[in-house]
Engineer: 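Have a look at this one.
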Number of protein chains: 2
Amino acid sequence: MRTPEELTERFRALGLKVTPQRQGVFHALWGNDSHPTAEAIWDRVRETMPTVSLRTVYQVLNDLIDLGEIGAVRLGTSSVRFDPNIDGHDHFVCRGCGRVHDVHATAMVELPADHYPDFEVEATQIVFRGRCPACARITAVPS
Amino acid sequence: MRTPEELTERFRALGLKVTPQRQGVFHALWGNDSHPTAEAIWDRVRETMPTVSLRTVYQVLNDLIDLGEIGAVRLGTSSVRFDPNIDGHDHFVCRGCGRVHDVHATAMVELPADHYPDFEVEATQIVFRGRCPACARITAVPS
DNA sequence: GTGCCAATCAACAAGTCATGTTGATTGCCA
DNA sequence: TGGCAATCAACATGACTTGTTGATTGGCAC
Ligand SMILES: [Mn+2]
Ligand SMILES: [Mn+2]
Ligand SMILES: [Zn+2]
Ligand SMILES: [Zn+2]
């Protein structure tokens with residue numbers, strides 16, 4: 001996503017009002033690589049703006065998705081997570097702590113065209129599941 | 001998953017009763033590569049057993065998951081899909097018709113260990129999205 | 001065969017997640 | 001300064017899945 005300042009400009013240019021609620025969401029997302037849920041964003045915004053409603057947070061997040069500023073990450077568990085990183089990357093989901101990490105897989109994954117002719121691949125999503133370093137340490141056998 | 005006959009044996013061996021409802025779900029799943037939802041299974045079972053309840057279908061499907069006989073495929077859209085194929089494979093989701101196809105990706109996808117030390121990968125899930133041959137044909141430019 | 005008890009049923013309720021609605025109020029910005 | 005977009009509270013809706021309860025059925029061990 002763009003910086004909160006750039007988003008402010010873009011919203012104004014589009015005739016959208018730059019409200020404190022929207023700016024609160026901008027800042028809650030900026031530099032946030034935790035793949036937060038809408039509720040997590042809500043909690044962060046409420047720290048400085050206790051009266052903001054969850055409904056509005058959802059609204060702003062969906063506006064940002066429609067503008068292509070952020071992405072939605074659906075990992076099959078519970079709620080949608082929001083990702084200010086829209087560059088191509090993959091995800092690692094820890095089964096211990098539930099955290100989602102950005103990763104970059106080595107190989108370019110492709111469908112073998114000879115086996116799947118006429119399949120038009122437009123997007124590829126890779127999800128690794130396992131234990132993150134912190135959670136692996138906990139249950140690791142002590143030497 | 002095992003054949004309906006083998007499942008019958010396994011259920012009996014576990015002290016579970018082999019009811020017509022359970023056998024109906026067994027047969028609805030056997031050889032079914034359409035990644036059906038619970039409702040789709042329900043529809044198929046009701047063809048020969050009109051009184052079966054959706055609640056029971058859900059129950060049997062979850063029992064089969066607990067026994068490791070089938071898998072649950074969550075693709076971020078609407079409802080859970082059930083997969084009698086539990087061998088390692090990937091999926092292609094068509095944005096045209098919504099169908100889910102089994103595919104096998106070529107490259108062995110890995111996390112580069114030098115970049116992600118101590119990450120313990122236990123499972124890798126690859127989802128391709130695009131258009132299946134049938135849907136690609138529809139909007140293809142006629143020659 | 002008989003009988004126990006698991007399984008199923010109908011009919012609800014509940015819970016989660018996300019969005020729609022409405023009418024009043026606020027406040028951004030031309 | 002004023003128009004109107006945005007937000008608010010409060011509630012409803014909707015899809016999907018599971019829980020519950022009390023009654024009924026029927027599989028299967030004996
Ligand atoms: Mn990410
Ligand atoms: Mn499959
Ligand atoms: Zn972890
Ligand atoms: Zn298709």
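Reminder, nothing fancy here: chain letters follow the sequence lines and each chain counts from 1.
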Engineer: Between N or O atoms, less than 3.5 Å apart, protein on one side and nucleotides 12-14 of chain C on the other: list the pairs.
Structural biologist:
none

Engineer: Is there a donor in the side chain of B:D102 and an acceptor in the side chain of B:H91, or the other way round, less than 3.5 Å apart?
Structural biologist: yes

Engineer: Hey, does B:L7 have a side-chain heavy atom less than 4.5 Å from the side chain of B:W30?
Structural biologist: no

Engineer: Go through the steps for A:R129 and A:R95 under the test side-chain contact (heavy atoms from CB on, under 4.5 Å), then give the verdict.
Structural biologist: CA-CA 7 Å; A:R129 294 176 195 276; A:R95 71 170 165 87; over 6 Å; no

Engineer: With distance as the sole test, does A:D83 use its side chain to make a donor-acceptor pair with the main-chain N or O of A:A72 at under 3.5 Å?
Structural biologist: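 Answer holds: no.
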
Engineer: Rounded to whole angstroms, how far apart are CG on A:L14 and P on D:dA6?
Structural biologist: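 Taking atom P of D:dA6 as the reference, CG of A:L14 is at 11 Å.
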
Engineer: Whether the B:D33 and B:H101 side chains hold a donor-acceptor pair (N or O, under 3.5 Å, no angle test) is what I'd like checked.
Structural biologist: no

Engineer: Does this structure show an ion pair linking B:D63 with B:R22, if we count only N-O contacts that are shorter than 4.0 Å?
Structural biologist: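 Yes, this pair counts.
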
Engineer: Do B:F11 and B:F26 touch side chain to side chain, with heavy atoms closer than 4.5 Å?
Structural biologist: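 A side-chain contact under 4.5 Å exists here.
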
Engineer: Give the rounded distance in Å between these two atoms: CZ of A:F11 and C1' of D:dT7.
Structural biologist: 14 Å

Engineer: In whole Å, I'd like the distance from the CD atom of A:Q59 to the P atom of D:dC8.
Structural biologist: 11 Å

Engineer: Ring centres of B:F119 and A:F92 under 6.0 Å apart?
Structural biologist: yes

Engineer: Sort me out a list of protein N/O and nucleotides 27-30 of chain C N/O pairs below 3.5 Å, or just none if empty.
Structural biologist:
from   : atom 1 : to    : atom 2 : distance (Å)
C:dG27 : N2     : A:K17 : NZ     : 3.1
C:dC28 : O2     : A:K17 : NZ     : 3.3
C:dC29 : OP1    : A:R12 : NE     : 3.0
C:dC29 : OP1    : A:V18 : N      : 2.8
C:dC29 : OP2    : A:R12 : NH2    : 3.2

Engineer: Just the rounded figure in Å: distance from P of C:dT8 to CG of B:D63.
Structural biologist: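 Answer to the nearest Å: 8 Å.
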
Engineer: Atom CZ of B:R22 to atom P of D:dG27: distance rounded to whole Å?
Structural biologist: 12 Å

Engineer: Report whether A:V127 and B:I126 are members of the same hydrophobic cluster (ILVMFWY, side-chain heavy atoms less than 4.5 Å apart, transitive linking).
Structural biologist: no

Engineer: In whole Å, I'd like the distance from the CG atom of A:L61 to the C1' atom of C:dC17.
Structural biologist: 14 Å

Engineer: Can you find a side chain N or O atom of B:S53 that sits less than 4.0 Å from OP1 or OP2 on C:dT8?
Structural biologist: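 Indeed not, no polar side-chain atom of B:S53 lies that close.
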
Engineer: Find every protein N or O atom lying less than 3.5 Å from an N or O atom of nucleotides 14-17 of chain D, and list the pairs.
Structural biologist:
from   : atom 1 : to    : atom 2 : distance (Å)
D:dT17 : OP1    : B:V80 : N      : 2.6
D:dT17 : OP2    : B:Y58 : OH     : 2.4
D:dT17 : O5'    : B:Y58 : OH     : 3.2

Engineer: Within a strict 4.5 Å, meaning less than it, do heavy atoms of the B:V45 and B:V25 side chains meet?
Structural biologist: yes

Engineer: Report yes if the side chains of A:V73 and A:V80 come closer than 4.5 Å at any heavy-atom pair, otherwise no.
Structural biologist: no

